[in-house]
Amino acid sequence: MLRLRAFRPTSDKVVKIQLHPTHPWLVTADANDRVSVWDWEHRQVIYELKAGGVDERRLVGAKLEKLAEGDDSKGKPTEAIRGGSVKQVSFYDDDVRFWQHWRNCSAAAEAPTAVSQQSSTISAPAPSTRGRHFVVICCENKVIFLDLVTMRGRDVPKQELDNRSLLCMEFLSRSSSSDAPLVAFGSSDGVIRVLSMLTWKLVRRYTGGHKGAIACLMTYMSAAGEVHLVSGGSAGLLILWSADHIHDSRELVPKISMKAHDGGVVAVELSRVMGSAPQLITIGADKTLAIWDTVTFKEIRRIKPVPKLACHSVASWCHPRAPNLDILTCVKDSHIWAIEHPTYSALTRPLCELSSLVPPQVLAQHKKLRVYCMVAHPLQPHLVATGTNIGIILSEFDPRALPAIAPLPTPTGNKEHSAVYIVERELKLLNFQLSNTANPSLGNAGVASDTGRLRNESIEQLVVKQTKKHISTPAPHDSYSVLSVSSSGKYVAIVWPDIPSFAVYKASDWSVVDSGTGKLFAWDTCRDRYALVETALAPRMPLIVKGGSSKKAKEAAAAAAQAAAAAASAASAATVQVRILLDDGTAHVLQRSIDGRSEPVIGLHGGALLGVTYRTSRRISPLTATAISTVQSMPLSGFGGSGSSFASDDPFSSKEGPPQNFQLYSWETYQPVSGLLAQPEWTVWDQTVEYCAFAYQQYIVISSLRPQFRYLGDVSIPFATGAVWHRRQLFVATPTTIECVFVDAGVAAIDIETKKRKEEMKAREAQGRAVAEHGDLALITVEAPQVTASEKISLRPPMLQVVRLASFQHAPSIPPFIVPKQSKLDGDDSVFQKELDDRRYAEVAVAGGGVSVAVTRFPPEQKRPIGPLVVVGVRDGVLWLVDRYMCAHALSLSHPGIRCRCLAAYGDPVSAVKWATRLGREHHDDLAQFMLGMGYATEALHLPGISKRAMT
């Protein structure tokens with residue numbers, strides 16, 4: 001569940017750390033004030049500098065740059081100023097700005113009284129850094145802004161900020177399109193000073209609040225839509241300021257001031273609370289952690305997470321694998337601590353022991369591992385980075401865990417969709433729908449709305465209306481749960497793997513129709529039947545108390561060993577049962593035990609066939625479990641064989657590669673229909689039983705099921721967490737993207753052969769029936785001379801096309817070194833900016849008849865919602881997703897490049913050709929190739945912009 005994602009050893013202890021939201025970058029500062037930017041995905045150091053003193057390389061570079069520009073001024077360059085102690089490190093670019101804004105807006109929208117409760121309508125702040133990626137280093141004597149694109153730096157000495165030592169910083173997100181980015185600095189004299197990143201001058205002060213130094217700063221948005229700046233001081237005060245008056249250059253005074261901690265506030269963090277206004281979390285030098293209400297500004301709870309040790313880092317956390325843990329914190333020991341139910345029980349427990357993750361040879365040189373800073377990834381909550389005395393540790397906490405929610409089928413003609421989810425011990429219903437007046441699945445949008453929408457960089461403003469309803473049936477457990485729905489949608493299964501326990505509910509009245517102990521459960525996609533492995537509850541392990549007598553310790557150890565042996569024997573004896581739900585809602589056992597293998601069962605995968613994973617003697621490492629190579633062991637022809645529906649040279653049963661431990665069984669006969677295959681991480685089967693996808697760590701294998709099981713290919717989509725089929729479209733979620741795979745099986749020789757065989761069998765059956773009914777007279781035929789036209793069916797290779805629909809990345813903007821220099825530095829360059837925007841975002845032209853035409857082949861990537869997602873599927877012409885806060889999001893599919901492909905894949909090529917009039921004609925040849933791959937060669941000839949070359 002927890003593993004080491006990346007590790008970088010360091011000679012000095014790492015005391016400051018920050019993660020970039022979209023790039024795999026991590027910036028750190030060590031105890032000697034050396035700052036490093038590290039690419040944790042590729043294990044490369046991007047940049048290093050000595051921020052505390054004078055970095056000679058930067059100083060020489062600045063002098064050479066001045067000489068190249070003809071600047072012979074004798075003044076001392078700012079690079080020659082000693083930085084002093086590094087107080088904070090951070091990234092700043094359009095991605096950081098956007099996701100900071102998204103986080104604040106979505107936390108505010110949770111409140112019942114929120115001004116805007118639609119997270120899908122969050123408008124992106126205007127791009128301000130123009131393609132630059134800044135690393136910002138706040139030192140006592142100056143601030144260093146380093147652009148990672150051009151490697152040019154800008155040093156702002158403290159003399160520009162009233163000559164006061166700088167201790168912390170925060171970026172102010174609320175600014176107009178013509179305004180420059182603003183960054184606020186907390187100073188040693190208790191004044192907050194705001195710097196413009198356009199003029200590099202002081203523009204505002206926040207005064208009259210703190211008596212001593214300011215230790216931390218943070219912005220957040222209230223439920224009323226107001227932006228606030230929160231500051232924590234060394235004297236223990238927590239002060240609230242208004243950050244809305246961005247054009248007001250007066251000195252601003254505090255709104256609210258309260259005593260938070262004795263000895264000083266160390267850090268402040270924003271906490272998003274489901275169904276409530278956001279909360280503030282503070283940690284202080286008095287070893288306490290406090291939670292504050294942002295509506296009444298009263299203290300909700302105060303705890304001491306780790307006795308006798310003060311917290312130095314805190315992070316708000318929401319991970320579906322640990323639904324009760326809301327806060328992560330660190331003290332100077334070797335753990336990451338988690339706080340369970342912080343507002344009432346507030347139990348502190350270790351999330352992980354970091355010593356167990358790092359290489360043992362690194363630990364041997366030190367006495368004990370110590371954590372000095374910690375940060376959770378802002379967009380991928382399964383990643384947590386810690387700075388220690390031995391290096392940087394990036395931990396990964398179960399990235400495949402999904403929110404405990406399952407979509408229910410929507411009745412025909414109903415525009416409101418629903419999904420059932422579980423929070424703590426409560427079952428709830430999420431109802432969601434589009435509240436747009438225009439249906440995005442219909443092409444009735446006018447020219448003006450399309451033009452405006454596309455030029456504003458947004459595909460479509462999809463307003464989501466959603467409500468949450470309580471279900472009276474309580475859930476028996478409040479631990480991690482996995483929800484799934486039967487093929488008819490009448491039943492919902494909930495599995496609690498950690499208990500282990502399962503329950504099957506009837507969706508009409510939420511009564512329990514089946515329950516038991518076990519964590520392996522899988523539905524059939526064709527009928528309301530399911531397979532499960534029912535296990536006896538393992539006896540509780542006795543606790544071995546430190547300091548007790550040796551006799552008691554030996555007895556406890558023996559009892560633990562006996563319990564472990566009993567659990568192992570029970571697990572090995574457990575068999576796969578198959579049960580069916582009858583019309584009266586009762587569960588009936590169809591098969592007590594399938595004819596399987598002798599090895600213990602460790603996994604079940606539902607679908608048109610039942611997949612069973614066995615524990616093999618050879619250990620399969622996660623890296624080698626990506627079992628199937630792409631070309632060498634997977635030929636696209638030569639499929640056949642008489643033994644089963646799987647060919648003898650089937651790629652899944654290739655003898656080369658890792659050990660195989662996954663087998664497919666028939667739901668009807670309970671017999672194996674395949675050899676041993678490589679174990680997938682998850683499987684998903686088409687409702688029409690035409691296609692299936694098996695996901696592995698680095699790619700997804702796609703196969704067709706009719707007329708026989710046939711490998712089509714694999715697509716390189718690594719770390720996929722889930723997917724859903726929509727006819728010949730597979731919508732896939734990964735931790736960072738949303739992808740759409742268009743699939744067609746094509747026509748292979750084996751398909752034609754199977755078709756002929758079926759026709760011959762039908763003819764023989766008809767003949768047999770006729771003989772049985774009429775006797776031998778039925779066989780009399782009169783042969784007439786006739787010319788038989790030989791039917792020629794052309795073979796067509798399989799087609800797989802991947803289109804990325806959404807990601808975390810901001811739309812790329814023009815780097816500053818490409819843009820011509822402007823004479824004015826203030827906000828009067830709006831005309832020039834408008835020309836640039838028109839040039840960049842001119843995605844719409846107007847064709848004949850006043851029809852708006854998209855010039856781009858595909859739409860720009862939409863914003864993927866934060867955290868793990870459940871893919872609901874396509875309804876109302878949009879792709880629905882649900883996040884970890886049980887909030888529904890809609891991705892638009894209305895761009896003609898996507899819409900035409902979706903219609904063709906769905907089996908409506910006529911509508912696809914009609915929609916093609918909205919797509920630029922230069923892309924019609926490409927669309928024709930796609931339709932040809934889908935089997936619509938005739939319809940593709942009717943595309944209005946197809947070239948003569950493509951016709952041939």
key: From CA spacing to verdict: side chain to side chain contact (heavy atoms under 4.5 Å, CB included), Gln466, Leu430   = CA-CA 7 Å; Gln466 52 192 343; Leu430 172 67; 4.0 Å; yes
request  = Please assess Tyr691 against Leu730 for the test side chain to side chain contact (heavy atoms under 4.5 Å, CB included), listing each intermediate value before the final yes or no.
outcome  = CA-CA 10 Å; Tyr691 298 95; Leu730 180 67; over 6 Å; no
request  = For salt bridge (charged side-chain N to carboxylate O under 4.0 Å, His left out), just list the numbers for Glu739 and Arg864, CA-CA rounded to whole Å, side-chain angles, deciding distance to a tenth of an Å, and then say yes or no.
outcome  = CA-CA 10 Å; Glu739 317 271 359; Arg864 181 199 185 280; over 6 Å; no
request  = Given side-chain hydrogen bond (donor to acceptor under 3.5 Å, both in side chains), test His923 with Thr856 step by step and report yes or no.
outcome  = CA-CA 8 Å; His923 303 300; Thr856 53; over 6 Å; no
request  = Decide yes or no on side chain to side chain contact (heavy atoms under 4.5 Å, CB included) for Arg400 and Phe719, but give the supporting numbers first.
outcome  = CA-CA 8 Å; Arg400 294 196 301 273; Phe719 311 116; over 6 Å; no
request  = Please report the C-alpha distance between Ser666 and Gln671 in whole Å, then the side-chain angles of each, then the deciding distance to 0.1 Å, and finally whether the side-chain hydrogen bond (donor to acceptor under 3.5 Å, both in side chains) criterion is met.
outcome  = CA-CA 6 Å; Ser666 166; Gln671 298 295 321; over 6 Å; no
task = Give the intermediate values and the outcome of side chain to side chain contact (heavy atoms under 4.5 Å, CB included) for residues Cys692 and Val684.
result = CA-CA 6 Å; Cys692 70; Val684 60; over 6 Å; no
ask   = Between His605 and Phe694, does a ring-ring contact (aromatic ring centres under 6.0 Å, His included) hold up when you go through it step by step?
value = CA-CA 10 Å; His605 296 267; Phe694 290 2; 8.0 Å; no
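Checking side-chain atoms of Arg710 against main-chain N and O of Ala745 turns up a donor-acceptor pair under 3.5 Å. His924 places a side-chain N or O within 3.5 Å of a backbone atom of Leu919 that can act as its donor or acceptor partner. No donor-acceptor pair closer than 3.5 Å links the side chain of Arg728 to the backbone N or O of Cys902. Side-chain N or O atoms of Arg727 include one that pairs as donor or acceptor with a backbone N or O of Tyr906 at under 3.5 Å. Trp915 places no side-chain N or O within 3.5 Å of a backbone atom of Val910 that could act as its donor or acceptor partner. Between the side chain of Asp876 and the backbone N or O of Val878, no donor-acceptor pair lies under 3.5 Å. Put simply, the side chain of Ser674 gets close to the backbone of Leu664: a donor and an acceptor are under 3.5 Å apart. Judged by distance alone, with hydrogens and angles left aside, the side-chain atoms of Thr721 form a donor-acceptor pair with the main-chain N or O of Ala733 at under 3.5 Å. Side-chain atoms of Tyr936 never come within 3.5 Å of backbone atoms of Ala905 as a donor-acceptor pair (strictly under, hydrogens ignored).
Asp744 and Arg796 are joined by a salt bridge, as a carboxylate oxygen and a charged side-chain nitrogen come within less than 4.0 angstrom of each other.
Contact annotation: the side chain of Pro407 never approaches that of His417 to less than 4.5 Å [non-hydrogen atoms, C-beta and beyond]. Side-chain contact between Tyr699 and Ile717: absent, with no pair of heavy atoms (C-beta onward) separated by less than 4.5 Å. With contacts defined as side-chain heavy-atom distances shorter than 4.5 Å, the pair Thr736/Thr22 does not qualify. Within the 4.5 Å cutoff, no side-chain heavy atoms of Phe731 are placed close to those of Ile738. With a 4.5 Å cut-off on side-chain heavy atoms, Pro868 and Pro403 count as touching.
Applying the ring pair (Phe, Tyr, Trp, His ring centres under 6.0 Å) rule to pairs touching residues 747-766 yields nothing, sequence neighbours excluded. Listed by first and then second residue, the salt bridge (charged side-chain N to carboxylate O under 4.0 Å, His left out) pairs involving residues 924-937 are Arg857-Asp926, Arg901-Asp926 (not counting sequence neighbours).
Both the sub-6.0 Å distance and the 45° axial angle are not jointly satisfied by Arg875 relative to the ring of Trp880.
Taking Asp528 as the reference, Ser486, Ser487, Ser488 meet the side chain to side chain donor-acceptor pair (under 3.5 Å) condition, with sequence neighbours excluded. Considering only residues two or more places apart in sequence or on other chains, Thr734 meets the side chain to side chain donor-acceptor pair (under 3.5 Å) condition with Thr737. Under the side chain to side chain donor-acceptor pair (under 3.5 Å) criterion, Tyr665 pairs with Tyr614, Gln663, not counting sequence neighbours. Residues satisfying the side chain to side chain donor-acceptor pair (under 3.5 Å) test with His726, not counting sequence neighbours, are none.
Closest of all the heavy-atom pairs between Pro718 and Ser716 is CD-O, 3.6 Å. Across Ala608 and Trp667, no two heavy atoms sit closer than the pair O-CD1, 3.2 Å. Between Ser418 and Asn431 the shortest heavy-atom distance is CB-OD1, 3.2 Å. The minimum heavy-atom distance linking Phe662 with Thr613 is given by the pair CD1-OG1, 3.4 Å. Nearest heavy-atom pair across Ala507 and Gly489 is CB-O, 3.9 Å. Taking all atoms of both residues into account, the shortest heavy-atom contact from Leu943 to Ala916 is CD2-CB, 3.4 Å.
Between Trp523 and Tyr530, the ring planes are perpendicular. Angles over 60° get that label, and only those under 30° would be called parallel.
Going from atom NE2 of His942 over to atom CE of Met931 covers 9.5 Å, rounded to the nearest 0.5 Å. Residue Gln801 holds its CD atom at 10.5 Å from CD of Gln929, rounded to the nearest 0.5 Å. From Ile700, atom CD1 reaches atom CD of Glu681 across 10.0 Å, with rounding to the nearest 0.5 Å. Between atom CG of residue Leu609 and atom CH2 of residue Trp685 there is a gap of 4.0 Å, rounded to the nearest 0.5 Å. The CG atom of Leu805 sits 14.0 Å away from atom NZ of Lys863, with the distance rounded to the nearest 0.5 Å. A distance of 12.0 Å separates CG of Asp883 from CG of Leu402, quoted to the nearest 0.5 Å.
A side-chain contact (heavy atoms from CB on, under 4.5 Å) with Phe742 holds for exactly one of Leu800, Val802, Val803; it is Val803. Ile405 pairs with exactly one of Val420, Leu483, Val882, Val872 by the side-chain contact (heavy atoms from CB on, under 4.5 Å) rule, that one being Val882. A side-chain contact (heavy atoms from CB on, under 4.5 Å) with Val871 is found for one member of Leu891, Val732, Leu879 and no other, namely Leu879.
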